[in-house]
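Report on the structure given below.
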Amino acid sequence: MSEIRFKQVIIGRADNPLLVLDNDIDVRGNNYDTLRTMAAQAMMDANFPRRTWIDFEVEGHKFKAKMHYSDIWVRKR
């Protein structure tokens with residue numbers, strides 16, 4: 001598994017939910033912050049549905065996200 005890197009770095013709010021990543025996702029540092037921000041934005045756009053996977057994409061990388069209590073679970077699509 002190779003590390004996912006994004007060209008554009010997006011730093012979100014400090015109170016964005018924590019990410020729980022699937023085992024096949026390797027992101028670190030600013031790339032983690034970018035994924036966290038984009039996942040939180042996708043959840044906000046979908047009005048924070050519980051128990052429902054939301055599809056979103058960051059620079060060609062496709063992901064699914066789901067709210068779980070105060071965390072966001074993220075998987076590759």
Side-chain angles (χ1 to χ4, degrees):
M1 152 182 55
S2 61
E3 181 181 354
I4 296 173
R5 295 177 183 219
F6 303 113
K7 293 176 186 171
Q8 183 178 2
V9 173
I10 303 170
I11 305 297
R13 298 169 41 136
D15 63 348
N16 277 345
L18 190 67
L19 285 184
V20 177
L21 301 174
D22 224 9
N23 291 337
D24 62 343
I25 299 176
D26 182 15
V27 291
R28 301 177 196 147
N30 289 338
N31 296 305
Y32 176 88
D33 292 333
T34 299
L35 183 57
R36 179 177 171 227
T37 300
M38 297 304 286
Q41 185 63 51
M43 297 313 296
M44 285 192 313
D45 292 346
N47 202 23
F48 293 100
R50 300 255 182 220
R51 298 184 209 103
T52 302
W53 288 97
I54 302 299
D55 294 334
F56 72 103
E57 189 172 324
V58 183
E59 294 182 7
H61 298 278
K62 296 178 182 183
F63 301 98
K64 296 169 85 168
K66 177 171 85 169
M67 288 297 299
H68 182 75
Y69 299 103
S70 61
D71 301 333
I72 298 177
W73 291 1
V74 176
R75 293 181 178 169
K76 283 186 177 178
R77 242 187 325 150

Identify every side-chain donor-acceptor pair in residues 34-44 under 3.5 Å, counting partners at least two apart or on other chains, and give the distances.
{"residue": "Thr34", "atom": "OG1", "partner": "Ile10", "partner atom": "N", "Å": "3.0"}
{"residue": "Thr34", "atom": "OG1", "partner": "Asn30", "partner atom": "O", "Å": "3.0"}
{"residue": "Arg36", "atom": "NE", "partner": "Pro17", "partner atom": "O", "Å": "3.2"}
{"residue": "Arg36", "atom": "NH2", "partner": "Ala14", "partner atom": "O", "Å": "3.2"}
{"residue": "Arg36", "atom": "NH2", "partner": "Asn16", "partner atom": "O", "Å": "2.6"}
{"residue": "Thr37", "atom": "OG1", "partner": "Gly12", "partner atom": "N", "Å": "2.9"}
{"residue": "Thr37", "atom": "OG1", "partner": "Asp33", "partner atom": "O", "Å": "2.8"}
{"residue": "Gln41", "atom": "NE2", "partner": "Asp45", "partner atom": "OD1", "Å": "2.8"}

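- Among pairs with a residue in residues 19-43, none fulfils ring-ring contact (aromatic ring centres under 6.0 Å, His included), at least two apart in sequence or across chains.
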Indicate every side-chain donor-acceptor pair of residues 53-61 with a distance under 3.5 Å to a residue at least two apart or in another chain.
{"residue": "Glu59", "atom": "OE1", "partner": "Lys7", "partner atom": "N", "Å": "2.6"}
{"residue": "Glu59", "atom": "OE2", "partner": "Lys7", "partner atom": "N", "Å": "3.3"}
{"residue": "Glu59", "atom": "OE2", "partner": "Gln8", "partner atom": "N", "Å": "2.8"}

Show the atom names and distances, to 0.1 Å, of all donor-acceptor pairs under 3.5 Å that link a side chain in residues 63-72 to residues at least two apart or in another chain.
none

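- Under the rule for a side chain to side chain donor-acceptor pair (under 3.5 Å), the partners of Arg28 that lie at least two apart in sequence or sit in another chain are Glu3, Asp26.
- Annotation for Arg77: atom CZ counts as buried by contact number, over 12 foreign heavy atoms lying within 6.0 Å.
- Contact between Arg75 and Asp22 at its shortest, heavy atoms only, is CG-OD2, 3.4 Å.
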